[in-house]
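In what follows, a structure is listed as structure tokens, so that the remarks can point back to it.
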Amino acid sequence: MSEAHSIVVLAGDGIGPEIVGATRQVLNRIGSFDYKEHLIGGISIDENGTALTEGVIDDCRTSDAVLLGAVGGPKWDEVVARDPQAPRPEQGLLGIRKALGLYANLRPVKPSAALIGSSPLKEDRIRGTDLLVVRELTGGIYFGESGRDGDTAHDDCAYSVVEIERIARTAFEAARQRAVGRQAGPRVTSVDKANVMETSRLWRETVKAVAVDYADVELDHMLVDNTAMQLVSRPTDFDVIVTENLFGDILSDEAAMLTGSLGMLPSASIGGEGEPGLFEPVHGSAPDIAGQGVANPLATMLSAAMMLRYGLDLPAEADRIESAVDAVLDSGLRTPDLFTGSEGETEAGTSEVTSAVLAELA
Ligand code: NAD
């Protein structure tokens, strides 16, 4: 790596500083980065009276990537309960997503071999699953006009060609990146309801048109109801799934359960070409265990791996972190949230797990 990439670090509240601190140690082992630390969420409300300041937004906009811990906690919930107009920590998160124009949410699903028994699904079905859900984040029914007329309610679903094109490109590019160094070629499954919905027919047409630029990527189309079924019956057949906001919301949670451990899940939200992405664990600020040194830092480390792969174009470095995390889980080391007391497991705190990941990267 020649130049130092600039990363804005927003540790946030609760366990945020612990898991982000652990992840920074891992990043420092991988390369040299130029960090800017800022407040977000509850701690920013305490210091600045708002969950996100303009200065933080400006620094995020000019960075290469943003790494976030988590925001929120009962302290601020209680204030809001007394005064609904009071600032809320979550406003920081929604504010930064909006300010950076993050239109694609990427959620990889790859059950760790060591944790495969944690899934509610049969091991032989999920072993070998390695897929990525690419969900459109800023369009569709969640942002359409909605309203009520007497005993009738409506939510309109709209998509433009531009919105579909950019998310399709994100999916094709992600498929290419995932296939680097892999035997199987890149594949994209575009999910819609084209047999019923007009937005889905436009979706399918547009994805097909974009695919012309990605002749090396195999493309297939699947109806959303069939996908919901196929995800649990043959998850190993998927590579990249790209879909609109509502379908993606549902399918990404369904796919997450293939791993059985939501606390291990990373995520990435991507904006326009050349714009910084936001990388964060799926879990929250876990105020019940904050400050105890027992938080599981692995979802944040895996989010940093996504940052390297999708935000900074450093896929080999991303692979190294993911392999190190796998190796630590294989060794049986477990933070309390993963510890079951089974033979071969050793219970460990945040710093022990972090040291073990660092040792794997040595
Ligand atoms: P949570 O994910 O914070 O915690 C749920 C349970 O999982 C808790 O028992 C917690 O101890 C455990 N847990 C979560 N992450 C863990 C980790 N890394 N290691 C070990 N255990 C972990 O969800 P919650 O309790 O519903 O919410 C707590 C706060 O977090 C709330 O204020 C909520 O609004 C906020 N929240 C923030 C985000 C975010 O910042 N993206 C997401 C969800 C919730």
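Whatever order the structure lists ligands and atoms in, that order sets their numbers, starting from 1.
Ile45 and Val80 are members of different hydrophobic clusters when ILVMFWY side chains are connected at heavy-atom separations under 4.5 Å. Cluster annotation: Val207 is not connected to Leu223 through the hydrophobic network of ILVMFWY side chains, with a link wherever side-chain heavy atoms come within less than 4.5 Å. In the hydrophobic cluster analysis, where Ile, Leu, Val, Met, Phe, Trp and Tyr join through side-chain heavy atoms closer than 4.5 angstrom, Leu132 is grouped together with Tyr103.
Comment: Arg169 engages Asp213 in a salt bridge, judged by a side-chain N to carboxylate O separation of less than 4.0 angstrom. Ion pair Asp239/Arg182 flagged as a salt bridge, since at least one NZ, NE, NH1 or NH2 atom sits closer than 4.0 Å to an Asp/Glu carboxylate oxygen. A salt bridge between Glu198 and Arg201 is present, with a side-chain N of the basic residue lying under 4.0 Å from a carboxylate O of the acidic one.
In this structure the side chain of Gln177 reaches within 4.5 angstrom of the side chain of Asp313, judged on heavy atoms. Taking the side chain as every heavy atom from C-beta outward, Thr227 and Gln230 never approach each other to under 4.5 Å.
Considering each of Ile19, Asp13, Leu93, Ile40, the one bringing a non-hydrogen atom nearest atom 41 (N) of ligand 1 is Leu93. Atom 11 (O) of ligand 1 has its nearest heavy-atom neighbour, among Asp288, Leu265, Asp77, in Asp288. The closest non-hydrogen atom to atom 21 (N) of ligand 1, taken over Ile289, Leu68, Leu338, Asn296, comes from Ile289. With atom 23 (O) of ligand 1 as the reference point, the heavy atom nearest to it among Gly16, Gly41, Ala299, Gly284 is part of Gly284.
Close approach to Ala70 involves these atoms of ligand 1, each under 4.0 Å from a residue heavy atom: 40 (O). Atoms of ligand 1 lying under 4.0 Å from any heavy atom of Gly73, numbered from 1 in the order shown and given with element: 32 (O). Near Ala295, meaning under 4.0 Å from any of its heavy atoms, are these atoms of ligand 1: 19 (N). Each of the atoms 41 (N) of ligand 1 lies under 4.0 Å from some heavy atom of Glu280. Remark: ligand 1 atoms within the under-4.0 Å shell around heavy atoms of Glu90 are 34 (O). Taking every non-hydrogen atom of Gly72 and a distance limit under 4.0 Å, the qualifying atoms of ligand 1 come out as 32 (O).
Assignment of Val71 to the shell around ligand 1 is supported, since a heavy atom sits closer than 4.0 Å. Using a non-hydrogen distance threshold of 4.0 Å, Pro287 registers as a contact of ligand 1. At a 4.0 Å cut-off, not a single heavy atom of Thr335 sits close enough to ligand 1 to count as contact.
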Show me the donor-acceptor pairs within less than 3.5 Å that the side chains of residues 302-311 make with the rest of the protein, sequence neighbours left out.
unit_1 : atom_1 : unit_2 : atom_2 : d
Ser303 : OG     : Glu280 : O      : 3.1
Ser303 : OG     : Ala299 : O      : 2.7
Arg309 : NH1    : Glu322 : OE2    : 2.9
Arg309 : NH2    : Asp319 : OD1    : 2.8
Arg309 : NH2    : Glu322 : OE1    : 2.9

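Distances between N or O atoms of Val294 and those of ligand 1 include no value under 3.5 Å. Among the atoms of Ile15, none of the N or O lies under 3.5 angstrom from an N or O of ligand 1. The shortest N or O to N or O distance between Gly69 and ligand 1 is not below 3.5 Å.
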### Message
For Asp13 and Lys75: C-alpha separation, side-chain torsions, deciding distance, then whether salt bridge (Lys or Arg N to Asp or Glu O under 4.0 Å) applies.
### Response
CA-CA 11 Å; Asp13 307 316; Lys75 175 180 165 185; over 6 Å; no
